[in-house]
Amino acid sequence: MAASGTGTTRRLVQYIVVRSDLMEHMTWPLGAVVAQACHAATAVIHQNYSDPDTQEYLAELDSMHKVVLQVPDHSSLSTLSVTLTEKNVAHKLWIEQPENIPTCLALKPYPKETVHPLLRTFKLLK
């Protein structure tokens, strides 16, 4: 993905952050956790559909890049959501219903260098 007129490439990436305690302590099946991440990713794309980065990301259908990270618990996920909101980073905090449990969040597609500094302390989901 080339930035217009610069001749340099930039990577658009969609970050998804999942609570690891759902599987480790609350014994959610892997499929249920993956479904949560899918819900959040789909919702944030829908909410930001007309955004130029989202449109560019969707135009490269066969080369989408996602990074799935983990936070240890509900508190960490909530703190991250607040930080992202304060930094004006578009994201969707997914809250599973009817249980009303925040499970994950997904950012709209961004150039990696824009949002990576806010997420660099989190590890890849295992």
Side-chain angles (χ1 to χ4, degrees):
M1 292 169 227
S4 58
T6 66
T8 61
T9 59
R10 67 183 191 139
R11 168 150 274 177
L12 289 175
V13 62
Q14 183 175 31
Y15 284 94
I16 301 164
V17 184
V18 177
R19 287 176 50 188
S20 61
D21 67 328
L22 296 176
M23 293 179 294
E24 294 170 0
H25 302 295
M26 297 175 71
T27 64
W28 283 35
L30 176 60
V33 175
V34 170
Q36 299 301 300
C38 292
H39 293 327
T42 303
V44 77
I45 291 285
H46 176 72
Q47 290 175 332
N48 295 277
Y49 187 75
S50 61
D51 174 78
D53 286 336
T54 300
Q55 285 300 303
E56 183 179 339
Y57 183 80
L58 293 173
E60 300 292 332
L61 192 63
D62 292 328
S63 61
M64 292 179 172
H65 186 73
K66 288 182 174 50
V67 176
V68 183
L69 304 172
Q70 64 183 11
V71 292
D73 53 31
H74 171 241
S75 176
S76 301
L77 186 67
S78 295
T79 299
L80 176 58
S81 182
V82 168
T83 299
L84 294 173
T85 300
E86 289 171 350
K87 301 286 185 183
N88 295 312
V89 174
H91 68 284
K92 173 64 177 171
L93 176 64
W94 189 259
I95 301 175
E96 179 63 7
Q97 296 299 331
E99 297 87 353
N100 205 36
I101 299 172
T103 58
C104 62
L105 63 76
L107 282 63
K108 78 165 192 73
Y110 278 100
K112 182 177 181 177
E113 63 275 7
T114 302
V115 293
H116 178 72
L118 299 170
L119 303 167
R120 70 177 189 273
T121 60
F122 301 108
K123 295 180 180 180
L124 292 173
L125 179 66
K126 294 183 196 178

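We count residues from 1, following the sequence as given. On a predicted model such as this, the values are computed, not experimentally measured, just so you know. The analysis underlying the following values was restricted to heavy atoms, covering all of them including side chains, and did not include hydrogens, waters or symmetry mates.
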Could you measure the distance from the [atom1] atom of [X] to the [atom2] atom of [Y]? Nearest 0.5 Å is fine.
{"X": "M23", "Y": "Q70", "atom1": "CE", "atom2": "CD", "result": "7.0 Å"}
{"X": "K66", "Y": "I16", "atom1": "NZ", "atom2": "CD1", "result": "6.0 Å"}
{"X": "Q97", "Y": "T103", "atom1": "CD", "atom2": "OG1", "result": "10.0 Å"}
{"X": "K126", "Y": "E24", "atom1": "NZ", "atom2": "CD", "result": "9.0 Å"}
{"X": "L119", "Y": "L80", "atom1": "CG", "atom2": "CG", "result": "6.0 Å"}
{"X": "W94", "Y": "T42", "atom1": "CH2", "atom2": "OG1", "result": "8.5 Å"}

Nearest heavy atoms of [X] and [Y], plus distance in Å:
{"X": "T54", "Y": "I45", "value": "CG2-CD1, 4.0 Å"}
{"X": "S20", "Y": "P72", "value": "OG-CA, 3.6 Å"}
{"X": "P102", "Y": "L93", "value": "CB-CD1, 4.3 Å"}

- Item | CA sep, side-chain torsions, deciding dist, call: H91, T85, side chain to side chain contact (heavy atoms under 4.5 Å, CB included) | CA-CA 8 Å; H91 68 284; T85 300; 3.2 Å; yes
If hydrophobic clusters are built from ILVMFWY residues whose side chains come within less than 4.5 Å, do [X] and [Y] share one?
{"X": "V71", "Y": "V33", "answer": "no"}
{"X": "Y49", "Y": "L12", "answer": "yes"}
{"X": "V17", "Y": "I95", "answer": "yes"}

- Would M64 and L58 count as a side chain to side chain contact (heavy atoms under 4.5 Å, CB included) if you check the C-alpha gap in whole Å, the side-chain angles of each, and the deciding distance to 0.1 Å? CA-CA 7 Å; M64 292 179 172; L58 293 173; 3.7 Å; yes
- Verify side chain to side chain contact (heavy atoms under 4.5 Å, CB included) between L105 and L84, making sure each step is shown before the conclusion. CA-CA 10 Å; L105 63 76; L84 294 173; 3.9 Å; yes
- side chain to side chain contact (heavy atoms under 4.5 Å, CB included) between E96 and Q36: does it pass, once the steps are laid out? CA-CA 8 Å; E96 179 63 7; Q36 299 301 300; 3.0 Å; yes
- Message: Restricting to side-chain hydrogen bond (donor to acceptor under 3.5 Å, both in side chains), what partner residues turn up for E99, sequence neighbours left out?
- Response: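 Here no residue qualifies.
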- Message: Could you work out, with side-chain hydrogen bond (donor to acceptor under 3.5 Å, both in side chains) as the rule, every residue matching S76, not counting sequence neighbours?
- Response: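 Testing S76 for side-chain hydrogen bond (donor to acceptor under 3.5 Å, both in side chains), a comparison that skips the adjacent residues, returns D73.
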Under 3.5 Å, side chain of [X] to main-chain N/O of [Y], donor-acceptor pair present?
{"X": "Y110", "Y": "D53", "value": "no"}
{"X": "S81", "Y": "L77", "value": "no"}
{"X": "N48", "Y": "D51", "value": "no"}

- Answer whether the closest heavy-atom distance between the side chains of V34 and C38 falls below 4.5 Å.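 Counting from C-beta outward, V34 and C38 do come under 4.5 Å.
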- Query: With sequence neighbours left out, what residues match V67 under side chain to side chain contact (heavy atoms under 4.5 Å, CB included)?
  - Reply: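 V13, Y15, H65, L69, L124.
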